[in-house]
Protein chains: 2
Amino acid sequence: METILPKFDSVFSIDCVIFGFDEGELKILLIERNVEPFIDWWALPGYLVEENESLDHAAERILYELTGLRDIYMDQFYTFGDVDRHPQGRVVTVAYYAMLRLNGPKELKPVTSYARRAVWIPIKDLPKLAFDHAKIFERGFLKIRNKITYQPIAFELLPEKFTLTQLQHLYEVILNKSLDKRNFRKKMLNYGILKELDEKQKGVSYRAAKLYKFDKRKYARLFQKELTFGK
Amino acid sequence: METILPKFDSVFSIDCVIFGFDEGELKILLIERNVEPFIDWWALPGYLVEENESLDHAAERILYELTGLRDIYMDQFYTFGDVDRHPQGRVVTVAYYAMLRLNGPKELKPVTSYARRAVWIPIKDLPKLAFDHAKIFERGFLKIRNKITYQPIAFELLPEKFTLTQLQHLYEVILNKSLDKRNFRKKMLNYGILKELDEKQKGVSYRAAKLYKFDKRKYARLFQKELTFGK
DNA sequence: AATATAAGGTGTAATTATTACACTAAGTAG
DNA sequence: CTACTTAGTGTAATAATTACACCTTATATT
């Protein structure tokens, strides 16, 4: 590995692809930058790693500063280190994704100096992004699309109580294909990681669906098992 | 992301888990360190990233310096950034794995200053490793174990021409379980990514097995498809 | 009260993939 | 020519995946 430190000025940052599911759409949280470079551009939330924090800690901090939320499922997925990815010098960035239950406001007032505001934006109409953030987003999205086929991470995006139709819809949005209702239910219920509640949906203008809860204990058992989806 | 650079002295490095398959064993390439810290310890090959090279380039360079080989399949798998992982300061390291056809000598004379020598060591008897390299190895190994179940990366480890038994043995070593010969062959041949040759093994003191070649064209088609293994 | 609307909820048969399992064939060495 | 060692092969049972359509239930409307 390494010998005499440091060799040249370098710095690393964290960037986060924060997914949320709302109004039947998959969204990510973007910030409007307040500082140069790329001032006024949309960007992924991210910032430099502090001197005395681990990468994971930095990722959690950045998420907290934007959303006020802690203890969110985050996963590191790739590190981007092209020489010219930052116009002001060498910055290597470690990318994380997170999945959030969306229920708060659509626009957040972040408690950071570098972002004017943070907004949930549907992934199907993302604006141009600063730096190489479009590439980072792409890779993060690919990651969760793969992951969802063998690990039920989708639950992180749903409210605590949800209907099977909501769950299916989320899968469809992430996988970008439609699934067969009967097969989907059969498969999901077979996993045994859903707890059927004695409750039904409220406030809908049609037949209310049963609500389900995600069973974390049983989920843990399935953790490493591969699950796939067909049509 | 980032604003005014840099904030503090920091540096990043690459560490490589380089797999090879030889004498029926899965091995990795370790170096004996020539410099402080951890002088005389075994470590994963790795070094600081240069000012004007990308991460991928640095990984390839490090591999080249050790083995003289270029154009090897390498994949970034995780970045380790605990504050205290390096005794001399903050070093974030980006880890790559590589897979190599092993046919050269078992000990290499690396053309680097920081390594006294490089040796292929079976993963089942790894020595204590410098820094957090044991953790890095573990994660890399886990990665290829998962990956091999859905992508035929195993071919990178075999000679150009190989027998089905050799291939099966490699799978067994990586997955750490024995597989059924008939099922394994059926499945492998079904993928259609093997080309049967008109050649047989030479120099064995028993019935010689047919040799196969890996068909890269067809492999590319299967690339994203998931393949799993049972017993 | 009757009707329309909209989503909820359900089963089966066909196909495909996975698993378990044991013997004969072929070549080499003595 | 015999013994040894690995190569090579098929089938039946089980499990998983797919394709596919109708009735039910709650609400809203008249």
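These values consider heavy atoms only, across backbone and side chains, with no hydrogens, waters or symmetry-generated copies. First the proteins, then the strands, lettered A, B, ... as listed; each starts at 1.
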Exercise for the section: Apply side chain to side chain donor-acceptor pair (under 3.5 Å) to K143(A) and list each qualifying residue two or more places apart in sequence or on a separate chain. Expected result: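 Once residues adjacent in sequence are excluded, K143(A) has no partner under the side chain to side chain donor-acceptor pair (under 3.5 Å) criterion.
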Practice task
Could you state the atom-to-atom distance from CG of L197(A) to P of dG8(C) in whole Å?
Solution key: 16 Å
Problem - Euclidean distance, atom CG of residue N190(A) to atom P of dA16(D) [Å, nearest integer] - result: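 My rounded result for the distance is 8 Å.
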Practice task
Could I get the full list of salt bridge (Lys or Arg N to Asp or Glu O under 4.0 Å) partners for D56(A), not counting sequence neighbours?
Solution key: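 Not a single residue meets the salt bridge (Lys or Arg N to Asp or Glu O under 4.0 Å) criterion with D56(A).
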Handout entry: Sequence-distant partners of D125(A), side chain to side chain contact (heavy atoms under 4.5 Å, CB included), two or more places apart
Key = I121(A), P122(A)
Problem - Sequence-distant partners of A208(B), side chain to side chain contact (heavy atoms under 4.5 Å, CB included), two or more places apart - result: K200(B), Q201(B), V204(B)
Taking only nitrogen or oxygen atoms into account, show me every contact under 3.5 Å that the protein makes with nucleotides 6-10 of chain D, one pair per line with its distance.
residue	atom	partner	partner atom	Å
dA7(D)	OP1	T165(B)	OG1	3.2
dA7(D)	OP2	T165(B)	OG1	3.2
dA7(D)	N3	R207(B)	NH1	3.0
dG8(D)	OP1	K210(B)	N	2.9
dG8(D)	OP2	R185(B)	NH1	3.4
dG8(D)	N7	K181(B)	NZ	2.7
dG8(D)	O6	K181(B)	NZ	3.3
dG10(D)	O6	R182(B)	NE	3.4
dG10(D)	N1	R182(B)	NH1	3.4

Practice task
For residues 149-173 of chain A, pull every pair meeting salt bridge (charged side-chain N to carboxylate O under 4.0 Å, His left out), keeping only residues two or more places apart or in separate chains.
Solution key: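 For residues 149-173 of chain A, and leaving out neighbouring residues, the salt bridge (charged side-chain N to carboxylate O under 4.0 Å, His left out) pairs sorted by first residue read E160(A)-K213(A), K161(A)-E199(A).
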